[in-house]
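Here's the structure we're looking at; comments come further down.
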Amino acid sequence: MTNPDVLTQTSRSFTTTEGHRPTIVHKRSLDILHDPWFNKGTAFSMTERDRLDLRGLLPPNVMSPEQQIERFMADLKRLEVHARDGPSDPNYLAKWRILNRLHDRNETMYYKVLIANIEEYAPIVYTPTVGLVCQNYSGLFRRPRGMYFSAADRGEMMSMVYNWPAEQVDMIVVTDGSRILGLGDLGVQGIGIAIGKLDLYVAAAGINPQRVLPVMIDVGTNNEKLLKNPLYLGLQEHRLDGDEYIEVIDEFMEAVFTRWPHVIVQFEDFQSKWAFKLLQRYRNTYRMFNDDVQGTAGVAIAGLLGAVRAQGRPMIDFPKQKIVVAGAGSAGIGVLNAARKTMARMLGNNESAFESARSQFWVVDAQGLITEERPNIDPEALPFARKVKEASRQGLREGASLVEVVREVKPDVLLGLSAVGGLFSKEVLEALKGSTSTRPAVFAMSNPTKNAECTPEEAFSILGDNIIFASGSPFKDVDLGNGHVGHCNQGNNMYLFPGIGLGTLLSGSRIISDGMLQAAAECLAAYMTEEEVLQGVIYPSTSRIRDITKQVAAAVIKEAIEEDLAEGYREMDARELRKLNENDLVDYVNNNMWSPDYPTLVYKKA
Ligand SMILES: NC(=O)c1ccc[n+]([C@@H]2O[C@H](COP(=O)([O-])OP(=O)(O)OC[C@H]3O[C@@H](n4cnc5c(N)ncnc54)[C@H](O)[C@@H]3O)[C@@H](O)[C@H]2O)c1
Ligand SMILES: O=C(O)C[C@H](O)C(=O)O
Ligand SMILES: [Mg+2]
């Protein structure tokens with residue numbers, strides 16, 4: 001990793017206004033070539049080679065950044081000769097390795113490649129391949145990236161946090177590895193998901209890569225295979241629980257906010273049991289959010305509103321939609337709460353609107369339909385438990401199967417966040433044929449690919465081309481054979497979390513309010529044109545992620561200003577922020593996004 005003393009420089013600038021200033025470095029020669037933050041490889045000009053004692057350490061041909069990328073891509077593309085489709089393809093991991101090695105050598109070039117080819121490489125550095133990477137992390141680990149805090153570090157975290165070389169950190173993504181995508185407890189290997197999320201923070205939100213920090217809190221694992229594997233890199237003991245667990249997370253939060261009071265912490269892939277509790281514990285004191293609960297909720301709301309518009313109906317018809325949700329974990333409950341609130345707002349925003357919105361949802365978990373009869377019902381799911389009488393009037397009962405529920409309810413939307421691949425079986429999809437909607441929607445949102453509740457082929461082939469389809473992991477559009485194409489939307493929280501983080505950073509809001517999250521979701525919903533939604537396109541393509549992120553960030557800042565939460569960022573204080581109109585806000589965001597361009601390097605003694 002990088003030497004701390006080089007990081008005093010700040011001019012690899014976060015604002016483009018400073019973009020042409022040189023970057024001062026306090027190292028030379030091989031030390032520069034081995035530092036991914038400053039290395040330019042063959043792109044060092046001859047004058048820079050002289051200035052930095054690099055002459056003779058590189059082959060003589062000076063390459064342009066474009067030529068560098070061409071050479072790299074030629075190597076990477078060689079893998080495509082035998083490439084098949086699908087995340088289990090060994091080529092996916094091979095591509096990840098090649099990209100990861102580039103990340104280790106030359107960060108600027110890595111992000112240049114990633115941003116220019118985001119549609120192609122997001123599925124490698126992020127979902128679904130990142131799942132495979134986490135599963136194999138103990139074998140894949142070469143150079144460290146990020147920080148590890150373990151149960152064995154109790155009492156030490158406040159000083160440990162100063163081991164990180166960067167003076168300033170804007171974004172932390174932290175996981176405890178307890179529920180990585182739909183793959184369960186992967187222990188310390190879950191660090192891969194924090195790295196993948198932060199890659200999107202850099203690529204989509206233009207957060208400076210020197211200011212991101214992936215964190216793994218290793219409190220043990222309950223994965224028996226990992227506990228027995230002598231090559232496993234994490235603590236080989238069962239997970240801490242109860243107060244002991246909370247104490248570790250508390251200590252971590254205190255440490256990082258002491259060193260970097262303005263940092264934003266994104267909680268990622270914590271098992272539901274802790275996801276809600278930690279969110280409630282920290283959200284009013286720290287700048288933090290839970291991506292699986294809150295990011296997913298916003299993305300789902302945007303998609304659900306898109307599905308209403310795709311029926312040729314106005315968004316305010318949303319409260320009439322009947323929605324069956326399979327999965328009542330952190331993601332499912334997050335979506336249910338947000339959807340209910342959105343409906344209630346549209347119905348008048350009062351107590352009775354909130355109450356009546358609840359009857360639009362049917363929730364099915366591993367034990368079937370949740371009703372008030374469920375013994376030991378999870379308090380988070382309780383508000384969505386169907387009343388027993390009401391259920392029996394519909395021919396349903398506690399524990400009714402998903403297929404029974406779909407058959408009886410005839411929903412407009414079937415949404416899966418169950419982590420069970422194939423849950424939307426032929427029988428379930430056949431039952432959805434009875435939907436009373438003119439255009440039923442299927443959201444198979446579980447990740448990675450093999451955990452999707454169904455594939456788009458299965459949905460379109462059974463339900464016909466008139467449906468709306470979205471999945472959490474990317475799938476290709478389906479050729480329906482009649483000249484029509486079944487569009488596969490990617491309903492993934494990647495369309496929101498980068499903008500939520502960037503908007504929070506640039507507003508200087510002390511917390512992340514429900515209003516800011518709602519503004520982000522509404523911005524994503526409004527991003528799609530009427531023409532697009534009528535064609536079944538309810539989410540943008542990944543190639544537009546940098547643009548959508550900019551808009552989302554501007555919407556988040558606007559809401560923070562309106563709620564009087566914005567305290568400003570750098571020279572843009574709260575008063576200046578308030579003077580900006582909507583266009584100015586987008587420009588402000590744009591001007592503060594980092595781009596992967598090599599700065600001129602100048603050596604100075606430390
Ligand atoms: N697309 C996205 O942006 C996105 C965001 C967050 C989570 N996810 C995915 O959602 C999935 C769930 O995440 P989570 O944090 O809520 O997990 P979780 O483990 O907390 O919850 C899973 C839920 O599914 C239920 N379930 C299990 N088997 C079922 C079955 N046969 N029928 C119906 N329900 C069943 C469980 O009872 C539980 O309520 C994961 O695969 C994750 O990758 C996707
Ligand atoms: O990581 C993703 O792709 C989405 C989501 O955060 C998940 O946990 O599945
Ligand atoms: Mg997640």
Side-chain angles (χ1 to χ4, degrees), residues 87 122-123 125-131 133-134 173-186 190 192-200 266-276 289-303 324-336 362-370 374 377-378 380-381 384 399-406 414-425 428 443-453 470-474 489-498 524 539 542:
V125 303
Y126 182 66
T127 308
T129 309
V130 71
V133 170
C134 289
V173 176
V174 60
T175 184
D176 69 355
S178 56
R179 181 303 258 145
I180 297 299
L181 305 174
L183 303 169
D185 182 347
L186 296 183
I193 196 73
I195 295 170
K197 294 272 170 185
L198 284 165
D199 269 350
L200 287 200
Q266 170 169 324
F267 277 60
E268 192 65 49
D269 290 5
F270 282 70
Q271 57 183 321
S272 295
K273 173 177 161 184
W274 288 113
F276 295 109
F289 71 106
N290 181 300
D291 179 40
D292 299 289
V293 178
Q294 297 167 300
T296 312
V299 165
I301 295 295
V324 170
V325 175
S330 64
I333 294 291
V335 170
L336 284 158
W362 287 260
V363 187
V364 178
D365 71 356
Q367 298 166 59
L369 178 68
I370 302 182
R374 170 79 58 101
I377 191 163
D378 175 357
E380 302 290 343
F384 298 97
S401 71
L402 182 60
V403 66
E404 288 172 300
V405 173
V406 172
L414 175 59
L415 188 150
L417 282 162
S418 64
V420 180
L423 181 67
F424 299 167
S425 60
V428 170
F443 288 77
M445 291 183 75
S446 290
N447 296 316
T449 316
K450 75 174 174 52
N451 293 69
E453 282 79 5
S471 54
S473 297
N489 294 280
Q490 191 178 357
N492 189 294
N493 51 28
M494 69 180 175
Y495 287 117
L496 284 190
F497 72 76
L524 178 60
Y539 291 113
T542 333

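Numbering of ligands and ligand atoms starts at 1, following listing order. As a basis for the values below, the full set of heavy atoms in this structure was taken, side chains included, without hydrogen atoms, waters or symmetry mates. Predicted, not measured: the structure shown is a model, and the values here were computed from it.
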Would one find an N or O of [X], backbone or side chain, under 3.5 Å from an N or O of ligand 1?
{"X": "Arg179", "answer": "yes"}
{"X": "Gly491", "answer": "yes"}
{"X": "Ala366", "answer": "yes"}
{"X": "Leu423", "answer": "no"}
{"X": "Ser272", "answer": "yes"}

Query raised in the report: Do the charged groups of Asp365 and Arg374 touch, with an N to O distance under 4.0 Å?
Result: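 Yes, this pair counts.
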[atom] [closest protein heavy-atom partner, distance rounded to 0.1 Å]:
{"atom": "atom 12 (C) of ligand 1", "answer": "Leu417 O, 3.4 Å"}
{"atom": "atom 3 (O) of ligand 2", "answer": "Thr127 OG1, 2.4 Å"}
{"atom": "atom 1 (O) of ligand 2", "answer": "Lys197 NZ, 3.0 Å"}
{"atom": "atom 9 (O) of ligand 2", "answer": "Asn447 ND2, 2.8 Å"}
{"atom": "atom 21 (O) of ligand 1", "answer": "Gly329 CA, 3.3 Å"}

Heavy atoms only: which of [options] lies closest to [atom]?
{"atom": "atom 16 (O) of ligand 1", "options": "Ala331, Ala326, Gly303, Ala275", "answer": "Ala331"}
{"atom": "atom 39 (O) of ligand 1", "options": "Ala328, Ala381, Pro128", "answer": "Ala328"}
{"atom": "atom 22 (C) of ligand 1", "options": "Ser471, Ser178, Ala470, Ser418", "answer": "Ser418"}

**Report entry** Side-chain donor-acceptor pair present, Glu453, Ser446, cut-off under 3.5 Å
**Finding:**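 There is such a pair (donor and acceptor under 3.5 Å, judged by atom type) between the side chains of Glu453 and Ser446.
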Query raised in the report: Has the side chain of Asp176 got a donor or acceptor atom that lies under 3.5 Å from a matching backbone atom of Ser178?
Result: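 Side chain of Asp176 to backbone of Ser178: a pair is present.
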Query raised in the report: In Å, rounded to the nearest 0.5 Å, how long is the span from CD1 of Ile377 to CD of Gln367?
Result: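 Spacing of CD1 (Ile377) from CD (Gln367) equals 9.5 Å.
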Query - Ring geometry between Tyr126 and Phe497 (parallel below 30°, tilted from 30 to 60°, perpendicular above 60°) - result: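 Tilted: the ring planes of Phe497 and Tyr126 meet at 30° to 60°.
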Heavy atom under 4.0 Å from ligand 2: found in [X]'s side chain, backbone, both, or neither?
{"X": "Ile180", "answer": "neither"}
{"X": "Asp292", "answer": "side chain"}
{"X": "Asn493", "answer": "side chain"}

For ligand 1, does [X] get within less than 4.0 Å through its side chain, its backbone, both, or neither, judged by non-hydrogen atoms?
{"X": "Thr296", "value": "side chain"}
{"X": "Ile333", "value": "neither"}
{"X": "Asn447", "value": "both"}

Report task. Please name the pair of heavy atoms, one in Ala122 and one in Thr542, separated by the smallest distance, quoted to 0.1 Å. Result ->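 Looking at all heavy atoms of both residues, the closest pair is CB-CG2, 4.1 Å.
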Report yes or no: does [X] have a heavy atom closer than 4.0 Å to ligand 1?
{"X": "Asp292", "answer": "yes"}
{"X": "Val299", "answer": "no"}
{"X": "Val364", "answer": "yes"}

Requested in this report: Using a strict 4.0 Å cut-off to heavy atoms of Ser446, name the atoms of ligand 1 that fall inside it.
Outcome: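 With Ser446 as reference, the close atoms of ligand 1 come out as 9 (C), 10 (O), 11 (C), 41 (O).
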**Report entry** Under 2.8 Å from the Mg ion (ligand 3) - protein N/O/S, by chain and number
**Finding:**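 Sorted hits: Glu268 OE2, Asp269 OD1, Asp292 OD1.
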